[in-house]
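See structure below.
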2 protein chains.
Amino acid sequence: MKELTEKQRTVYKFLAEFMRRRGYPPTIREIGEHFGFLWSAARGHLQALERKGYVRLDRAKSRGIELRGWNMSGGLAVPVAGKVRAGKPMLAAEQSEESLFIDRALFQAEDAFALKITGDSMIDAGIWEGDYVIVKPQETIGSGEIGVVFLGDEATVKRIYVKKGEITLKPENREMEPATYRAGEVRIIGRVIGVVRKL
Amino acid sequence: MKELTEKQRTVYKFLAEFMRRRGYPPTIREIGEHFGFLWSAARGHLQALERKGYVRLDRAKSRGIELRGWNMSGGLAVPVAGKVRAGKPMLAAEQSEESLFIDRALFQAEDAFALKITGDSMIDAGIWEGDYVIVKPQETIGSGEIGVVFLGDEATVKRIYVKKGEITLKPENREMEPATYRAGEVRIIGRVIGVVRKL
DNA sequence: CTGAATAGTATACAAATGTATATATGAAAG
DNA sequence: CTTTCATATATACATTTGTATACTATTCAG
């Protein structure tokens, strides 16, 4: 990504701050007004920012500005899957009332959701009871990665090892034993891409 | 907050979903279009939502919709203190270019900052190398809490025990020993209120 | 010197967008 | 039965807002 000029940087910061406070982007005229110059100049800055990849402009839409920069990206609200039910986990997540704001730059997954951890089966992987794991939905997973699976009618987080026809779920806890299942018995829901903990 | 009707609830969900995906609110007409009715009806719903306290409408502004519900709080950008220098840690944090978006509902601290962890001295507390800890700046700390202190010219994260005139820093790592210092030797920077990890 | 990028002013214009108001139906409340 | 509220259609209108273009001045690389 190209370097920004001093002025472009201040415009970018203003955009981020405006969106943080108001929840929506400013109009071109509001940008100009803030800096004390005409809006046609503001438009030039926006186009420069777009050219350099820091924002995306939805053409002909009012306030159609999306921030893209890695160093000050917008937050992404992911739904918290309170009760992930068997059969229709994604649906349950979509119906979720709760949501969590995560960093869009850290977790690049538009369709991610969060899951609150119960139990300490992943404690040796640094995932504790009460933590939220950020899950990127996918139906397969690399062997050895931490993922979310359906086992019976419950969703659990485990380190997953895949062999032909077999799936081994390994709790990251010295006192618990891995368990192996036939491929049909468990269903992979997604991969854990992040952890958020409140102390 | 008053109860929403079925229809109002679906409108509210659409607003949240739209903002989640696009980064800015829809226009009144876009709402109507989505549900298949005229925009003047959509406006009625918005006004109902405002009356019940779920959104705030900025009058006469395009896309002037702010969500207020508890389930969709705004994100908070906290600066990442790349190199916290002795003497002026907060200043360094303020000058930081990088920032992290965290959930305002989870971490209620307007002046918080983030610190990237190096080393594995807190691994038994579930804080790993590469994790970001969210720090709420404060000059004192409860004994037994996890905090950030300045030791010499370096900032470290440890579990802190305070006795009269003495401060003990305990690494949460079986292989490391606690160390005790005189009160003047270490300076308490803040309390760790959260952890964010990218996998 | 020349051309490109930056940073503005100024203005015209069409499309997008919010506001206001009148009307109608069905359900719930009194 | 009347009133109120939720829901929706229809329409007129003023304002907001993005787009396009022309023009000026400065800086910086080649």
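Predicted, not measured: the structure shown is a model, and the values here were computed from it. Just so we're on the same page: letters track the sequence lines, and every chain starts at 1.
- Not counting sequence neighbours, the partners of Asp58(B) by the salt bridge (Lys or Arg N to Asp or Glu O under 4.0 Å) test are Arg22(A), Arg56(B).
- Applying the 4.0 Å criterion to OP1 and OP2 of dA6(D), one finds that Arg51(B) has a side-chain N or O inside that range.
- Under the 3.5 Å distance criterion, the side-chain polar atoms of Asp131(B) are left unmatched by any main-chain donor or acceptor of Lys116(B).
- When the C1' atom of dT19(D) is taken as reference, atom CG of Asp58(A) falls 15 Å away, rounded to whole Å.
- Taken to the nearest 0.5 Å, the CZ atom of Arg191(B) stands 5.0 Å off from the CD atom of Glu145(B).
- Remark: P of dA6(D) and CZ of Arg9(B) are 15 Å apart, rounded to the nearest angstrom.
- A close approach under 4.0 Å does occur between a side-chain nitrogen or oxygen of Ser62(B) and OP1 or OP2 of dT17(D).
- Ile28(A) has its CD1 atom 15 Å from the P atom of dA16(C), to the nearest Å.
- Partners of Tyr181(A) under the ring pair (Phe, Tyr, Trp, His ring centres under 6.0 Å) rule, at least two apart in sequence or in another chain, do not exist in this structure.
- dT17(C) atom C1' lies 12 Å from atom CD1 of Ile31(B), rounded to whole Å.
- The two atoms that bring Ile134(A) and Ala114(A) nearest to each other are CD1-CB, 4.4 Å, heavy atoms only.
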>> Pair Phe35(A), Val11(A) - check side chain to side chain contact (heavy atoms under 4.5 Å, CB included), show working.
In response: CA-CA 9 Å; Phe35(A) 288 103; Val11(A) 171; 4.0 Å; yes
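- With hydrogens and angles ignored, a donor-acceptor pair closer than 3.5 Å exists between the side chain of Arg29(B) and the base of dG18(C).
- To the nearest angstrom, C1' of dT27(D) lies 14 Å from CD of Gln8(A).
- At dA15(C), none of the side-chain N or O atoms of Lys61(A) fall inside 4.0 Å of OP1 or OP2 (strictly under the cut-off).
- In this view, Glu30(B) and Lys61(A), Arg63(B) satisfy the salt bridge (Lys or Arg N to Asp or Glu O under 4.0 Å) rule, not counting sequence neighbours.
- Along DNA chain D, the nucleotide nearest Glu30(A) and the nucleotide nearest Glu6(B) are compared for position; the residue whose nucleotide lies closer to the 5' end is Glu6(B).
- For Thr168(B), the side-chain hydrogen bond (donor to acceptor under 3.5 Å, both in side chains) partners at least two apart in sequence or on another chain are Thr180(B).
- Taking only side-chain nitrogens and oxygens, Lys7(A) never comes nearer than 4.0 Å to OP1 or OP2 of dT27(D).
- A straight line from CG of Leu57(B) to P of dT17(C) spans 16 Å, rounded to a whole angstrom.
- The CZ-P distance, from Arg59(A) to dA15(C), rounds to 15 Å in whole Å.
- A heavy-atom distance below 4.0 Å to DNA chain D is reached by these residues of residues 36-50 of chain A, ordered by number: Trp39(A), Arg43(A).
- Nearest heavy-atom pair across Pro178(B) and Pro171(B) is CA-CD, 3.8 Å.
- If one axis is set at each end of the helix from dC1(C)-dG30(D) to dG30(C)-dC1(D) from five pairs, those axes are 40° apart, to 10°.
- The separation between Tyr24(A) atom OH and dG18(C) atom P is 11 Å, rounded to whole Å.
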